[in-house]
**Student:** 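Okay, handing you the structure first.
Order of the sequence lines fixes the chain letters, A, B, ..., with proteins taken first and strands second; residue numbering starts at 1 for each chain.
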Amino acid sequence: MKRSADVIIIGGGIIGCTAAYFLSKRIHNVVLLERKDIASEASGANYGMVWEQTRQPGYDLVMARRSLELYPGLVNEVFDIDIEYEKKGGMIIFFTEVERKVAQVVLLSRQKQGIPLQLLDRGEARELEPALSEETMGALYCPDDVQLNPMLTTMAFARAARKEGAEIYTETEVHSIKVNNQSVRSVVTNRGEIKTEVVVNAAGSWASQIGKMVGLKIPIYPYKLQSFVTEQIPHLLSRVIQGTHIAKDSTFEEALQGFSYTRDTGAGQLSLDQEPSQQGTLADNSMMYCKPTVSGNIVCGTTFEFVGYDRSTSYEGLSLIAAMAKKAIPALKNIQVIRSWANFNPWTADFIPIVGETEVKGFIVESGHGTAMSHGPASCEALADFIVDGKPMPFGKQISIARFQKG
Amino acid sequence: MGRGAQMNEKEDIIICRCEEVTRKTIENAIEKGGDTLDSVKRSTRAGMGLCQGRTCQRLVARILRDKTGKPLEELTPPTFRPPFRPIRLDLLAQEGYRIRGGNKA
């Protein structure tokens, strides 16, 4: 193992591996530390949606758009494995009159932002996806939305980073970070100590634990998503289908959240001490996703649960997902479910990641992306420009940890 | 496959029947640095099929032992997750209908 590095990245998920790639293109001596294996957590277990239609104006939408610009070049010229990148369009289906009204509101606001969103009626939706239930009232459809295999994408970035000279150490756990004069000095792992002046905390849902090592409180918390996968049934679906709160009949507000990812951000001051709390039932906190994988299995989800780092799946949760999936795609009812799992996504109080340098010199956070497959390439391209050239990051204030007030 | 007679018995033998992963594919994955059951699974799909590795896992473990010298006891199996046998989605959904308030939509 190396004894010193120009930059040490902590975390081998999509953000860490993407950062390793963009940084090692610019500078030598980039090291990435991962306590398990590449894409062992959320980056190996999510739906691989790089969608424009659900991104919010500002940082979120700008990053997603830039990533959608970057991916084709990476796929064609950089990656040496197939990441199953497909521009199939993204579809959000709905079943009720309330949801249809919300869909129209969302359609107009998204079109104003230049997103080529379309409102499909039942016939149009079922023409694109014949397996959809006859009860489907319609769908929002964005032809520019992309799906990919998140695990292979993360591995592809790791391989590309290695080719550029990055050293990637898996099964290497960070035990502590040495700080002197409020500046990063070294990182201590189970395999030895590496000197560095720059650390990138890309630990995602575990970013707060890395923060503690330098005495910082990082208000990122994990939320659990349960999913299961079916046996292979090729060609049943062509694209990722998202539902609204299919587990129950949504109110206007709930449907709006479901369609557009808008959430009440509290409007007031963000506090470093603000912790998430579970509101409502499991049915209130679930949303339907069905993703056809290239191998023909269908991945179904999901719940949103604040339960710390408990990664168990529950009969209640999986059953709810099965009920939602069957309502959307009745043909699934006779298909076998073969495996379930849970993974963690990072949560922040305003649903915006925490990115940038902190009061500890050289300690940079790049975590809290709830949609890291969409943000990763763009955000880490900007991160490399910041670390190498000192170029300010776009939306720097909006994404800085400084937006959280000390208690 | 119907071409068994032409297959190189050692290299083309199918280890994971669900996903049709050959011994050669698994050995290549190990040579590229995948030295755990989980990494072999993730890079080759061996054990990701209908039986979830219940048939092939011990075979993969033995190939790993032979290639890496790691004793079998040190090869931790990938996490097993429910369901323990494949279950029809409709059956799994029963409780979900109850949660929705008996709405069997």
**Student:** For B/Arg81 and A/Thr313, does a side-chain donor sit closer than 3.5 Å to a side-chain acceptor?
**Tutor:**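 No, because no side-chain N or O of B/Arg81 sits under 3.5 Å from a partner of the opposite role on A/Thr313.
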**Student:** Taking the side chain as every heavy atom from C-beta outward, state whether B/Pro83 and A/Val337 have any atom pair closer than 4.5 Å.
**Tutor:**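 Yes. Closest side-chain heavy atoms under 4.5 Å.
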**Student:** For the residue pair B/Arg45 and A/Ser295, establish whether any side-chain heavy-atom pair is separated by less than 4.5 Å.
**Tutor:**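 Side-chain contact under 4.5 Å: yes.
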**Student:** Just wondering, do A/Asp37 and B/Arg42 contact through their side chains at under 4.5 Å, heavy atoms?
**Tutor:**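 Yes, at least one pair of side-chain atoms sits under 4.5 Å.
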**Student:** Which atom pair, heavy atoms only, marks the closest approach of B/Pro82 to A/Ser340?
**Tutor:**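 For B/Pro82 versus A/Ser340, the nearest heavy atoms are O-OG, 2.6 Å.
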**Student:** So which of B/Gln52, B/Glu19, B/Met48 has the biggest tally of heavy-atom pairs under 4.5 Å with chain A?
**Tutor:**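 The residue among B/Gln52, B/Glu19, B/Met48 with the greatest pair count is B/Gln52.
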**Student:** When rounded to the nearest 0.5 angstrom, what is the spacing between CZ in B/Arg88 and CG in A/Asn334?
**Tutor:**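 Separation between the atoms: 5.5 Å.
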**Student:** Taking B/Asp90 as the fixed residue, which of A/Lys327, A/Lys326, A/Lys333 is the one that meets the salt bridge (charged side-chain N to carboxylate O under 4.0 Å, His left out) rule?
**Tutor:**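 When salt bridge (charged side-chain N to carboxylate O under 4.0 Å, His left out) is applied between B/Asp90 and each of A/Lys327, A/Lys326, A/Lys333, only A/Lys326 qualifies.
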**Student:** So how far is it from A/Thr230 OG1 to B/Ile87 CD1, rounded to the nearest 0.5 Å?
**Tutor:**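 The OG1 atom of A/Thr230 sits 13.5 Å away from the CD1 atom of B/Ile87.
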**Student:** Give, for atom CE of A/Met155 and atom OG of B/Ser39, the distance between the pair rounded to the nearest 0.5 Å.
**Tutor:**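 One finds 8.5 Å between CE of A/Met155 and OG of B/Ser39.
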**Student:** Does a sphere of radius 6.0 Å around CZ in B/Arg58 hold more than 12 heavy atoms from other residues, nucleotides or ligands, not counting ones at 6.0 Å or beyond?
**Tutor:**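 No, because the 6.0 Å sphere around CZ of B/Arg58 holds 12 heavy atoms or fewer from other groups.
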**Student:** For the atom pair CD1 (A/Ile81) and OG (B/Ser43), what is the distance rounded to the nearest 0.5 Å?
**Tutor:**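 Spacing of CD1 (A/Ile81) from OG (B/Ser43) equals 10.0 Å.
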**Student:** Take atom CD of B/Glu31 as the centre, draw a 6.0 Å sphere, and report whether it contains more than 12 heavy atoms from other residues, nucleotides or ligands.
**Tutor:**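 Result for CD/B/Glu31: enclosed.
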**Student:** So with a 6.0 Å cut-off around NZ of B/Lys67, is the heavy-atom count from everything else above 12?
**Tutor:**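 Enclosed.
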**Student:** Where do B/Ala93 and A/Ala323 come nearest, in terms of heavy atoms and distance?
**Tutor:**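 Where B/Ala93 meets A/Ala323 most closely, the heavy atoms are CB-N, 3.6 Å.
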**Student:** Do B/Leu89 and A/Gln336 make a side-chain contact, defined as non-hydrogen atoms from C-beta onward lying under 4.5 Å apart?
**Tutor:**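 No; the side chains remain at least 4.5 Å from each other.
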**Student:** Answer whether the closest heavy-atom distance between the side chains of B/Thr36 and A/Glu171 falls below 4.5 Å.
**Tutor:**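 SC-SC contact between B/Thr36 and A/Glu171 confirmed.
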**Student:** When only pairs under 4.5 Å are counted, which of A/Ser133, A/Ala39, A/Cys300 shares the most heavy-atom pairs with chain B?
**Tutor:**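 Ranked by contacts with chain B, first place is A/Ala39.
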**Student:** Please determine, among A/Leu152, A/Leu332, A/Thr170, the option with the most heavy-atom pairs under 4.5 Å with chain B.
**Tutor:**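 With the most close heavy-atom pairs to chain B, the winner is A/Leu332.
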